[in-house]
Each structure stands twice: as C-alpha cells, then as structure tokens.
Amino acid sequence: MSLMIYLNGKLVPQEQATVSVFDHGVLYGDGVFEGIRAYNGRVFRLEQHIDRLYAGAHTLMINIPISKEEMCKAVCDTCAANNLTDAYIRLVVTRGDGDLGLDPRKCTTPTIFVIAASIQMYPEEFYQKGLELITCSTRRNSPQTLDPAMKSLNYLNNILAKIETIQAGVPEGIMLTADGYVSECTGDNLFIVKGNALIVPPLHLGNLGGITRMTIMELAEAEGLEVREEMFRLHDLYNADEFFITGTAAEVVPGVKVDGRPIANGKPGPITQRLRKRYQELTYAEGTPIE
Ligand code: PMP
C-alpha cells in the first residue's frame, strides 16, 4: 500500500515523494533527522524531538523555513493521512538543492519530509532473553570533529560499527570514545546498574542526547534510584549488576552478555525490567494527540 508522505508542505503519495540528485542531503549527508514513535494515537515526546532537530539545524546553519509548531503539525498530519495510531516516524531536513560544490550557500531552501510507517517491533525474545553485544572497533566520532550530539544525516560512523555487529551476528554493538570510555551503541544509548545506582555515560563524552535516555533518567529518579552521569570503561560494564540499551525504536532492551562475558548472572535484571515497564506505561499515558 502506498504511504502518504509529507514533502515540503504537501502530503503526496510515496511514488511522488522524491528528492533531487542535487540535494545536499544526498550528495553530502548535509542535514538532520529524527526517529519518533506514536503510541495509541499520540506522538511520544514530540516537542523534545523537534527541539533536538532544530538545535542540530541551528548548529549546521540550516534555516528551517517552518516553525516548530508547524513541524509538529506536519508530523501529526502525516500519521493521520496514513490512519496510523501506532507508528515509527522519520523526519528529515536536508540543506536542500544546490550544485556539486560543498558550499551550503548554493542551497537556498531546505528539503523537509516526514515518513510515518507502521512500526516493526523488535522480536519479543530480545526483551525476554536479553541481548548479546560486542564492542565495535570503530570508535564513536569525537565531538571535536563531528559532534554526535547532532543527529545529522552523516551516519557513516554508526554504519561502520553496525557492519561489525552484523559480521559478529549480534543486533547491537558498543562504541567507545577514542580514549576507551564507553560512549553508546550504534543506534541506542546504554546504561549500567550498580547496586541502587543507574549510571549513564555523560553527554560531553560525545553521544546522542537520547530522548529515551532522558525519559529513563526521569523514571529512574521517580523510582528512587540514584542516577549518575559518569564516565566508565568496559571493565565496569563487564562487572555491572545489570545493563540495558535505550532508543525510540528499541525502547528498553536488557543486555546480558558483552564480548563473551555474561553480565552478572547473564539474565535480564529486575531494575531493567521495572524501568521497561514504567517506560511502556508512560508511552501509553502521554503524548501529543495526532488529531
Ligand atoms: N544514539 C544514537 C546514535 C541514535 O541514533 C539514537 C536514536 N536511534 C539513540 C542513541 C537513541 O536516541 P532516542 O532515544 O532519542 O531515540
């Protein structure tokens, strides 16, 4: 079935939703994007996703020609046009059409598109049994070169790491900073549990400020856990009491083995399970109504 796509202010059938080969998003990965979820007729944490998108665009000096409110409406309208109450939404803003040179001044109008599709859930087995992960040899981009705080269209750093996980036959991989601190996964943030503390790599290390990461930190505090943003190494991860990854698509997934080492007893931990449940409850309880 053909999806209706929002493209530069209009909803068009997917066959007509095309961008130019001169779009700098295509030529250079010059742009920003978001992955967003709708649950039960409401878009979860929409304003936060839109804020992150506009912040990235601001740094890249891409002037998004519509307001944040109009962008929120574009997301909701795209879900409504496809009769979706539960969806995975991809929102993309590129530098727009230019010529073959790098010069962003040649691109006068950003390209904006929104795709809303039914969500392909991760297999339930991932949540019940937990994931086995590897550490990728590809290091996470340094904030001194391309800051991972921006969800830019240049995802080759993550894709190179993802290829390593595919070669190893595992669904996700851990990325370290150039100094060997644990940063995040290829498309998810990660947390460890030590006693009553929930520990997450700080943003200044160079990782994405995940919306799910922030939500889990709030939920953990409400649950009475001590939440700490702290640098840690693989040794700390291997010897954690629990370990889990977070992301809009993945939600909260337990990790049970890393580089062949079982984490604690090699089973999903109780704090992970509790936070996953709280997260699911929240996704169904709040959000921006689609209509
Ligand atoms: N890190 C990276 C590199 C990501 O691409 C993502 C999003 N898929 C995340 C973390 C998780 O962010 P969020 O919770 O906002 O989806």
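Just so you know, ligand 1 is whichever comes first in the structure, and atom 1 is the first atom listed for that ligand.
Inclusion of Arg52 in the set of residues having an N or O under 3.5 Å from an N or O of ligand 1 is warranted. Ligand 1 has no N or O atom lying under 3.5 Å from any N or O atom of Gly35, backbone or side chain. Between Gly187 and ligand 1, at least one pair of N/O atoms sits closer than 3.5 Å. Below 3.5 Å of separation, one finds an N or O of Thr248 facing an N or O of ligand 1. Any N or O atom pair closer than 3.5 Å counts here, and Thr212 shares at least one such pair with ligand 1.
Residue Tyr155 approaches ligand 1 through these ligand atoms, each under 4.0 Å from one of its heavy atoms: 2 (C), 3 (C), 4 (C), 5 (O). Within the listing of ligand 1, atoms 3 (C) sit less than 4.0 angstrom from a heavy atom of Asn158. Every atom of ligand 1 is numbered from 1 in the order shown, and the set under 4.0 Å from a heavy atom of Gly247 is 11 (C), 14 (O), 16 (O). Each of the atoms 12 (O), 13 (P), 14 (O), 15 (O) of ligand 1 lies under 4.0 Å from some heavy atom of Gly210. Using a 4.0 Å cut-off to heavy atoms of Ile211, the atoms of ligand 1 that qualify are 13 (P), 14 (O), 15 (O). Short contacts between ligand 1 and Thr186, defined as distances under 4.0 Å to a heavy atom of the residue, involve ligand atoms 3 (C).
If you check the side chains of Glu172 and Thr165, you find no donor sitting under 3.5 Å from an acceptor. With hydrogens and angles left out, the side-chain atoms of Asn158 and Thr186 include no donor and acceptor closer than 3.5 Å. No hydrogens or angles considered: nothing links the side chains of Arg140 and Asn207 as a donor-acceptor pair under 3.5 Å. Side-chain contact annotation: Arg37 with Thr283, donor-acceptor N/O pair under 3.5 Å absent. Side-chain atoms of Thr246 and Glu251 form no donor-acceptor pair, as typed in the model, at a separation below 3.5 Å.
Taking 4.0 Å as the cut-off between side-chain N and carboxylate O, Arg52 and Glu34 count as a salt-bridged pair.
When Val253, Val258, Val256 are each tested for a side-chain contact (heavy atoms from CB on, under 4.5 Å) with Leu131, only one passes: Val253. The only member of Arg278, Arg213, Arg45 that meets salt bridge (charged side-chain N to carboxylate O under 4.0 Å, His left out) when paired with Glu218 is Arg45.
In terms of protein heavy atoms, atom 1 (N) of ligand 1 is closest to Glu184 OE1, 2.6 Å. From the protein, the heavy atom lying nearest to atom 11 (C) of ligand 1 is Asn189 OD1, 3.7 Å. Of the protein's non-hydrogen atoms, the one nearest atom 7 (C) of ligand 1 is Lys151 NZ, 3.4 Å.
Aromatic pair Tyr279/Phe44: ring centres closer than 6.0 Å.
Proximity of Met214 to ligand 1 is not established, as no heavy-atom distance is less than 4.0 Å.
Using a 4.0 Å cut-off between heavy atoms, Arg140 contacts ligand 1 through its side chain alone, with no backbone atom that close. When heavy-atom distances to ligand 1 are checked against a 4.0 Å cut-off, Asp188 comes that close only through its backbone atoms N, CA, C and O. Residue Leu208 touches ligand 1 through its side chain alone, judged by heavy-atom distances below 4.0 Å.
Below 30°, between 30° and 60°, or above 60°: for Tyr122 and Phe126 the angle between ring planes is between 30° and 60°, a tilted geometry.
With sequence neighbours left out, Glu221 forms a salt bridge (Lys or Arg N to Asp or Glu O under 4.0 Å) with no residue at all.
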